[in-house]
There are 2 protein chains.
Amino acid sequence: MAESNELRKAGLKVTLPRVKIMQILESSEPRHMSAEDVYKTLIDAGEDVGLATVYRVLTQFEAAGLVIRHNFDGGHAVFELDDGEHHDHIVCVDTGEVFEFFDEKIEKRQKKIAEDMGFELVDHSLVLYVKQK
Amino acid sequence: MAESNELRKAGLKVTLPRVKIMQILESSEPRHMSAEDVYKTLIDAGEDVGLATVYRVLTQFEAAGLVIRHNFDGGHAVFELDDGEHHDHIVCVDTGEVFEFFDEKIEKRQKKIAEDMGFELVDHSLVLYVKQK
DNA sequence: CTAATTGCAAAAGCTTTGCAGCGCA
DNA sequence: TGCGCTGCAAAGCTTTTGCAATTAG
């Protein structure tokens with residue numbers, strides 16, 4: 001199975017919690033889940049995994065570059081699978097829904113701004129908060 | 001004094017903690033402070049104000065539109081005086097320093113992206129994480 | 001005078017950590 | 001077998017809240 005290889009490649013033992021969590025992230029809709037969301041999904045599926053393990057696994061996945069952690073407003077982090085395609089986010093303040101977008105012009109402009117100030121851009125976080133018209 | 005008027009205008013009683021906190025925010029360098037930063041500054045100045053009060057006052061200031069709360073990475077919120085001029089932020093991952101910038105092109109592009117998706121842009125958060133070259 | 005405000009301490013919410021036992025390789 | 005991993009419970013951190021005492025208007 002695909003998950004096993006990704007885990008091994010990351011130097012992580014192939015354990016049930018890790019495989020299950022990876023599967024949940026791969027098949028989840030919406031794609032952005034909090035640790036609590038993952039934990040609940042696991043419990044609902046009858047898996048006996050602790051919340052601490054979910055946090056540990058997600059943190060390991062992040063370190064391994066398998067997932068990305070976002071700190072949107074609201075106190076809790078959300079995670080999404082890193083598919084290698086960078087994108088930014090749109091959060092609807094009415095429904096909480098999260099959408100993704102990518103805009104070449106904004107990306108380039110950000111790079112230029114950082115460089116004009118004598119820095120190297122290593123990362124960025126752009127979130128548009130919107131509401132329905 | 002200027003602070004008193006701003007407070008009265010916001011419908012808040014002019015109390016010592018509020019005036020002191022407002023003064024700290026007005027004169028602070030760097031401009032971005034956490035609740036803890038404000039609290040420490042107060043204590044160092046010999047003021048007997050509780051941390052809970054700092055949080056309450058900052059939250060009231062935010063509701064009144066006097067300050068803006070940011071949730072940069074790192075678990076704790078930072079506050080800055082709202083001078084009416086919108087700007088985004090650059091955070092140096094080496095030093096933790098915070099810089100401000102404003103880019104008309106990015107602003108316009110964001111608005112267009114939200115509208116193209118049928119939404120109304122109500123707010124946005126853009127942070128560039130950079131390092132020294 | 002009276003409602004708003006404050007300090008303290010306790011509680012809350014998210015996340016991390018210590019530890020003994022379990023399980024993958 | 002041996003070290004990594006897990007579950008549980010406890011601890012950590014930032015932030016919020018309850019409450020009695022204090023204070024602004």
Side-chain angles (χ1 to χ4, degrees), chain A residues 1 3-24 32-43 45-64 66-79 96, chain B residues 1 3-24 32-43 45-64 66-79 96:
Chain A
M1 51 261 317
E3 296 86 23
S4 308
N5 291 327
E6 298 187 72
L7 292 176
R8 265 188 282 269
K9 217 182 306 176
L12 300 170
K13 280 193 181 174
V14 180
T15 62
L16 189 135
R18 287 179 180 156
V19 172
K20 288 290 173 194
I21 291 174
M22 182 59 68
Q23 288 176 344
I24 287 172
H32 302 77
M33 305 184 80
S34 67
E36 191 73 32
D37 292 335
V38 173
Y39 176 67
K40 286 204 190 106
T41 305
L42 243 10
I43 296 302
E47 302 295 339
D48 187 19
V49 174
L51 178 56
T53 299
V54 173
Y55 274 104
R56 269 186 295 234
V57 169
L58 288 173
T59 300
Q60 292 158 350
F61 283 4
E62 184 192 17
L66 299 174
V67 308
I68 300 176
R69 179 196 302 249
H70 298 289
N71 294 295
F72 298 157
D73 284 7
H76 62 286
V78 298
F79 300 81
Chain B
M1 49 268 310
E3 295 87 24
S4 306
N5 290 328
E6 297 187 70
L7 292 176
R8 265 188 281 269
K9 217 184 301 176
L12 299 170
K13 282 191 179 177
V14 179
T15 63
L16 188 134
R18 286 178 180 157
V19 172
K20 288 290 173 195
I21 291 174
M22 182 60 67
Q23 288 175 344
I24 287 172
H32 302 77
M33 306 184 78
S34 66
E36 191 73 31
D37 292 335
V38 173
Y39 176 67
K40 286 206 190 99
T41 305
L42 244 9
I43 296 303
E47 301 295 340
D48 187 19
V49 174
L51 179 56
T53 300
V54 174
Y55 274 103
R56 269 186 294 232
V57 169
L58 288 173
T59 301
Q60 291 160 349
F61 283 4
E62 184 191 17
L66 299 173
V67 308
I68 300 177
R69 180 196 303 249
H70 297 290
N71 294 295
F72 298 158
D73 284 7
H76 62 286
V78 298
F79 300 81

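So you know, we letter chains A, B, ... as the sequences are listed, proteins then strands, and number each from 1.
Residues that satisfy the side-chain hydrogen bond (donor to acceptor under 3.5 Å, both in side chains) test with A:Ser34, not counting sequence neighbours, are A:Asp37. Listed by chain and number, the residues in a side-chain hydrogen bond (donor to acceptor under 3.5 Å, both in side chains) with A:His70 are A:Glu80 (sequence neighbours excluded).
One can place CG of A:Asn71 at 15 Å from C1' of C:dG13, the figure rounded to the nearest angstrom. Between the NE2 atom of A:His70 and the P atom of C:dC14 there is a distance of 19 Å, rounded to whole Å. Taking atom CD of A:Glu36 as the reference point, atom P of C:dT15 lies 9 Å away to the nearest angstrom. Distance, B:Gln60 CD to C:dT6 C1': 11 Å, rounded to whole Å. The interatomic distance linking B:Lys40 (NZ) with D:dT14 (C1') rounds to 12 Å, in whole Å. C:dT6 atom P lies 13 Å from atom CD of B:Glu47, rounded to whole Å. Taking atom CG of residue A:Asp48 and atom P of nucleotide C:dG23, one finds them 11 Å apart after rounding to whole Å. Between A:Met22 atom CE and D:dC5 atom C1' the separation is 16 Å, expressed in whole Å.
Side-chain contact between B:Met33 and B:Thr41: present, with at least one pair of heavy atoms (C-beta onward) separated by less than 4.5 Å. Between B:Glu3 and B:Gln23, the closest side-chain pair of non-hydrogen atoms falls below 4.5 Å. At a threshold of 4.5 Å between non-hydrogen side-chain atoms, the residues A:Phe72 and A:Val78 count as touching.
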Show me, pair by pair, the donor-acceptor contacts under 3.5 angstrom made by side chains of residues 45-64 of chain B, not counting sequence neighbours?
from	atom 1	to	atom 2	distance (Å)
B:Thr59	OG1	B:Tyr55	O	2.8
B:Thr59	OG1	B:Arg69	NH2	3.2
B:Gln60	OE1	B:Arg18	NE	3.3
B:Gln60	OE1	B:Arg18	NH2	3.1
B:Glu62	OE1	B:Arg69	NE	3.0
B:Glu62	OE1	B:Arg69	NH2	3.2

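Here the closest non-hydrogen pair linking B:Leu66 and B:Ala10 is CD1-CB, 4.4 Å. Counting all heavy atoms, side chain and backbone alike, A:Asn71 lies closest to A:Ala77 at OD1-CB, 3.8 Å.
Taken from CG in B:Leu42 to CD1 in B:Ile21, the straight-line distance is 5.5 Å, to the nearest 0.5 Å.
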What is the per-nucleotide protein-contact pattern of nucleotides 20-25 of chain D, from the 5' end, where B denotes a base atom under 4.0 Å from a protein heavy atom, S denotes such proximity for sugar-phosphate atoms only, and - denotes neither? ----BS
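One axis for each end of the helix from C:dC1-D:dG25 to C:dA25-D:dT1, each built from five base pairs, and the angle between them comes to 30° at 10° resolution.
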Dump the pairs, protein N or O against N or O of nucleotides 16-18 of chain D, anything under 3.5 Å, distances to one decimal.
from	atom 1	to	atom 2	distance (Å)
D:dG18	O6	B:Arg56	NH1	3.2

